[in-house]
Each structure stands twice: as C-alpha cells, then as structure tokens.
Amino acid sequence: MQTITEMMYTAESGIRFASKLTPKISYSVKDDAVPIAGSISTAYRRLSLLENLGLATIHRSQFQINRAARQPMYILEKLVPSLIALKNAKRFGRKYHISDINFVKNNLPDGSFITLDYRAWDVTKFQTPLDLYVYVTDIEKTAKFLKDNDFNEGTKGHVVLLQKQPNIKNDIEQVYLDCIAKGGRSILDAIAIELKYGEQFDIKGRFDIQDILKVQDDMQTTS
Amino acid sequence: MNSLVNEALQITKELGDVIFIGALATYMHTKNARDSRDIDFVVENSISDEELISKNYHKSTTGKQPWFTPRGFKIDIYTRGIPGVSFDKIIENSKKFAIKNKKEIRVLGLESLIIAKHKAARDQDIEDLKNIAMHRLNQIDWNVVQEITNDEFMTKQIKTDIKFLSK
C-alpha cells in the first residue's frame with residue numbers, strides 16, 4: 001500500500017497539469033487537456049492520476065477538476081485521506097427524507113464519526129445540513145445493515161458512508177479537511193470552522209477572499 | 001429549509017410580489033439544498049428604508065449593515081438584474097410555487113437560476129448546478145436559456161456543463 005507521500009509523488013505530474021487549467025466547470029479532453037498535456041494519451045494519463053486521488057471526474061471525453069487540486073501541495077497532502085474516503089464513499093437512501101438521517105443517527109455503529117454537513121452545522125450553525133456523512137470502521141458491514149433495513153445504494157440518498165481513517169487526532173481539524181476536500185458548499189463550512197477554531201489547527205486551507213468575507217460577514221452580523 | 005420557505009411567505013405578505021433568488025430558489029426547484037439562513041430577493045419596485053422600517057424590518061449596525069426581517073432573517077434586496085440575467089428577464093421568467101393553504105411565493109425561473117449560477121461559478125454555485133442537473137435536467141427549456149443569454153456559445157457551454165454535472 002502506498003504512503004501519502006508516495007501517492008503525492010506519483011500524482012505530481014497530474015497535479016501540475018491541473019494547475020495549468022483555466023478554472024471552468026467542466027473541460028473537454030480534446031480542447032482543454034490536450035493543449036496542456038501535449039497528446040491525448042498523456043492527457044488521459046494525467047487525468048487518471050488525478051482521478052485516483054479523487055481530484056478529477058472523467059466521463060467520456062469530458063472531465064471536472066476538484067478545486068481542492070488548487071490548494072498548495074503541503075495542504076493537498078493533508079487532504080489525501082479525505083479525498084480518498086470521499087471517492088470511495090457509498091450513498092444510501094430509503095425514503096429520501098430526513099427520516100433516513102434520523103434512522104442512521106439512532107443506529108450509529110460503534111466507533112463511527114459524523115463529518116461534513118451535520119458536524120459542520122453542530123459546530124458553526126452557519127449552513128443547514130443536507131447529507132449525513134459518517135465515517136464507519138467497517139463500511140461493508142454498515143452498508144449491509146442499511147440494505148437489510150430497506151435502504152438502497154445510489155446517487156440521490158442522503159446517507160453517505162465513508163471508510164474511517166485510522167488516525168484521526170483532532171476531530172474538528174478532520175471535519176475542516178473533509179470540507180476542503182469535498183468542495184462545493186462545504187468550502188463555506190470550512191471557512192466558518194476556521195473562523196471559529198482556526199487557532200487549534202496545524203494547517204490552514206487557501207480560500208477565495210470573497211468567500212471568506214461572505215462567511216465572516218454572515219457570522220458576525222446579528223439582527 | 002422549511003423555516004426559510006415560511007419566512008419567504010411572510011416576506012411576500014409584507015412586501016408584495018417579490019422574486020426569491022439564491023439558495024431558496026434552488027430549494028424550490030429541487031427540494032434539495034443547503035442554505036446559510038439568508039434570503040435574497042428581487043423587487044420590481046424599489047422599497048424605501050422608511051417602508052421597511054414601518055413594517056418592522058431593521059438594519060444591523062455591524063458588518064455591511066444588512067437588513068433583517070422582523071423575525072431576524074438576514075435579507076439582501078436586489079433592484080436590478082443579477083449576473084447573466086437582466087432585470088426584465090428575471091421578471092418575465094419567474095415562477096410561482098404554491099406553498100400551503102393556497103398561498104404562493106414567486107421564485108427565479110429555473111433557466112435564469114442556471115444562468116446566474118453558471119456565471120458566478122463559485123464552489124457553492126457548482127454544487128447547486130449539480131443539484132439542479134441531477135433533479136431537473138429534463139425540465140430545462142434550452143430555448144429559454146438561449147433567449148435569456150442571447151449567446152449561442154454560452155448556451156452551448158451551459159448545456160455541456162449541466163449535462164456533465166447530471167452524470
């Protein structure tokens with residue numbers, strides 16, 4: 001099994017490639033990747049490296065880059081466990097309703113750890129939660145438990161299982177790193193967490209100044 | 001999100017036929033969204049500070065001095081177009097949603113919402129676009145998108161991105 005340093009070393013050419021792409025929502029392999037990579041085969045090789053780390057999603061001749069790839073290397077290295085956990089996540093739904101989340105919250109396996117939406121809401125009260133992301137020790141066993149309780153695995157459910165990482169030292173910092181790795185609205189959660197708990201962190205992400213100002217303003221203003 | 005929808009009903013009752021944009025619009029179109037408990041809306045006719053105060057709305061003394069509803073929700077009031085969508089098109093393509101007891105709120109149209117989110121393209125906008133793509137792809141009227149953007153290249157780019165995000 002590769003160490004994080006080895007994984008980063010392997011993916012380095014992919015990360016350098018990603019940093020040269022102009023920010024866009026989705027890219028064309030032919031029009032956007034080939035001019036940077038030099039050839040179609042190199043482009044797919046670079047994308048495959050990124051995909052392995054959960055930093056790219058490829059579908060036919062189009063791809064998307066996780067904006068976490070734009071974090072400096074020393075931060076990206078810290079994000080790798082979260083990126084891989086998110087890449088291998090399993091999503092479940094039963095009634096596709098808050099009742100699904102309540103059921104799982106009431107039946108959390110021993111040693112599980114809630115992260116992202118619900119944990120960020122607990123600690124910041126900044127952004128209402130939508131999906132329940134739970135780190136579990138044995139993802140297959142928990143998946144079976146959910147299926148035995150009429151949950152289906154798919155893309156639209158609100159319960160997401162993540163493989164628990166062995167060495168979570170600082171709970172809040174882990175949630176913070178997960179938020180940066182996931183991107184999307186979770187970036188706002190990461191900023192809110194940093195504003196409240198940043199002094200406890202060994203490492204800090206790089207965010208857009210407009211997003212920081214928005215979160216700062218929303219958190220400071222009281223009616 | 002239900003508390004935000006109830007608040008939107010109250011705002012509509014107090015301020016008239018406003019058009020809700022932002023997270024509330026995403027929620028009404030997808031029934032699936034996160035929010036930071038602030039409400040953004042466009043008004044057809046501007047509302048004076050005096051009128052807001054007379055209806056118990058109040059201004060914060062901190063930050064950018066935003067307005068708050070009588071129930072304490074932060075609001076942003078727009079009196080012009082939003083990025084990518086002109087004021088006239090916001091009005092023309094808005095959509096009414098029935099809430100309860102025959103009450104309704106007016107929300108930014110699906111196509112206008114997509115264009116605005118695509119234009120902003122921040123992390124949170126991309127997540128909202130993915131949400132829309134996964135839940136409403138087949139309801140998007142691409143002729144309306146073209147009509148609003150008036151730009152074939154941009155319409156094609158939005159269509160490509162939305163279809164990719166729906167996968």
Side-chain angles (χ1 to χ4, degrees), chain A residues 23-28 31 57-68 70 93 96-98 116-118 120-121 124-131 154-158 179-180 182-192 207-208 210-211 213-223, chain B residues 1-4 22-24 26-27 30-38 56-76 114 117-131 133-135 156-167:
Chain A
K24 278 171 79 172
I25 295 175
S26 75
Y27 299 88
S28 146
D31 299 337
T57 314
I58 311 164
H59 187 75
R60 295 190 179 164
S61 56
Q62 259 185 292
F63 65 98
Q64 189 182 18
I65 297 290
N66 180 339
R67 293 190 179 182
R70 298 189 177 277
Y96 301 88
H97 179 262
I98 186 78
L116 290 163
D117 298 22
Y118 273 84
W121 171 251
T124 66
K125 294 286 181 281
F126 175 68
Q127 206 172 196
T128 55
L130 181 65
D131 294 331
T155 56
K156 291 183 178 170
H158 292 299
C179 288
I180 301 174
K182 181 172 172 285
R185 285 192 166 269
S186 297
I187 290 295
L188 303 180
D189 290 331
I191 296 169
F207 307 110
D208 187 294
Q210 293 304 326
D211 288 341
L213 292 173
K214 177 193 160 39
V215 177
Q216 207 165 27
D217 192 51
D218 285 357
M219 288 181 84
Q220 277 175 358
T221 46
T222 51
S223 61
Chain B
M1 192 51 100
N2 279 342
S3 61
L4 226 56
L24 187 62
T26 306
Y27 175 76
T30 63
K31 298 291 180 284
N32 199 55
R34 301 185 70 193
D35 72 85
S36 51
R37 302 187 65 75
D38 56 340
N56 294 322
Y57 284 63
H58 52 279
K59 214 174 207 176
S60 166
T61 51
T62 58
K64 291 179 188 168
Q65 296 194 301
W67 282 93
F68 286 84
T69 70
R71 293 147 303 272
F73 283 78
K74 183 176 167 243
I75 53 171
D76 276 323
I114 289 167
K117 294 266 169 205
H118 192 272
K119 180 91 177 168
R122 297 164 302 178
D123 273 53
Q124 58 267 39
D125 299 305
I126 298 170
E127 181 169 323
D128 288 348
L129 281 175
K130 185 170 179 65
N131 191 359
M134 287 181 73
H135 292 91
K156 193 177 162 204
Q157 188 61 54
I158 295 171
K159 197 171 182 176
T160 304
D161 288 337
I162 293 286
K163 287 197 167 169
F164 179 83
L165 293 171
S166 73
K167 307 291 180 204

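The sequence lines fix the lettering, A, B, ..., with proteins before strands; numbering per chain opens at 1. Scope of the values below: all heavy atoms of this structure, side chains included, with no hydrogens, waters or symmetry mates.
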Q: Hey, what's the ring geometry for A:F63 with A:Y27, parallel, tilted or perpendicular (30° and 60° as the breaks)?
A: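 The rings of A:F63 and A:Y27 lie parallel, inter-plane angle below 30°.
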Q: Considering residues, nucleotides and ligands other than A:K24, do more than 12 of their heavy atoms fall under 6.0 Å from its NZ?
A: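 Yes, because the 6.0 Å sphere around NZ of A:K24 holds more than 12 heavy atoms from other groups.
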Q: Using atom types as modelled and distance alone, determine if a side-chain donor or acceptor of B:K130 lies under 3.5 Å from a backbone N or O of B:L165.
A: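 Confirmed, B:K130 side chain pairs with B:L165 backbone.
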Q: Check each atom of B:D125 against the heavy atoms of chain A and say whether the ones under 4.5 Å are side chain, backbone, both or neither.
A: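 It is neither, since no heavy atom gets under 4.5 Å.
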Q: At a heavy-atom separation under 4.5 Å, does B:K163 approach chain A through its side chain, its backbone, both, or neither?
A: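 B:K163 has no heavy atom closer than 4.5 Å to chain A.
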Q: Check whether A:D211 gets within reach of chain B through its side chain, its backbone, both or neither, counting any heavy atom under 4.5 Å.
A: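 The side chain, not the backbone.
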Q: With a 4.5 angstrom heavy-atom cut-off, could you sort out which part of B:D161 is near chain A: side chain, backbone, both or neither?
A: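 Both the backbone and the side chain of B:D161 come within 4.5 Å of chain A.
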Q: Would you confirm whether B:D123, through its side chain, and A:G183, through its main-chain N or O, come within 3.5 Å as a donor-acceptor pair?
A: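 Judged by distance alone, no pair lies under 3.5 Å.
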Q: Determine yes or no for a side-chain-to-main-chain donor-acceptor pair under 3.5 angstrom, with B:S60 supplying the side chain and B:P66 the backbone.
A: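 No, B:S60 side chain to B:P66 backbone: no donor-acceptor pair under 3.5 Å.
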Q: For chain B, find which of A:L188, A:V215, A:D208 contributes the most heavy-atom pairs closer than 4.5 angstrom.
A: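 Between A:L188, A:V215, A:D208, the count favours A:L188.
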Q: Side chain, backbone, both or neither: which part of A:I187 has a non-hydrogen atom closer than 4.5 Å to chain B?
A: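 Just its side chain gets close to chain B.
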Q: So what's closer than 4.5 Å to chain B heavy atoms on A:S186: side chain, backbone, both or neither?
A: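 When you check distances to chain B, atoms from both the backbone and side chain of A:S186 fall under 4.5 Å.
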Q: Could you check whether any side-chain N or O of A:Q62 sits under 3.5 Å from a backbone N or O of A:S26, counting only pairs where one atom can act as donor and the other as acceptor?
A: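 The answer is no, because no donor-acceptor pair under 3.5 Å joins these two groups.
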Q: Would you mind checking which part of A:D189 comes under 4.5 Å of any heavy atom in chain B, side chain (CB onward), backbone (N, CA, C, O), both or neither?
A: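 Contact with chain B is through the side chain of A:D189 alone.
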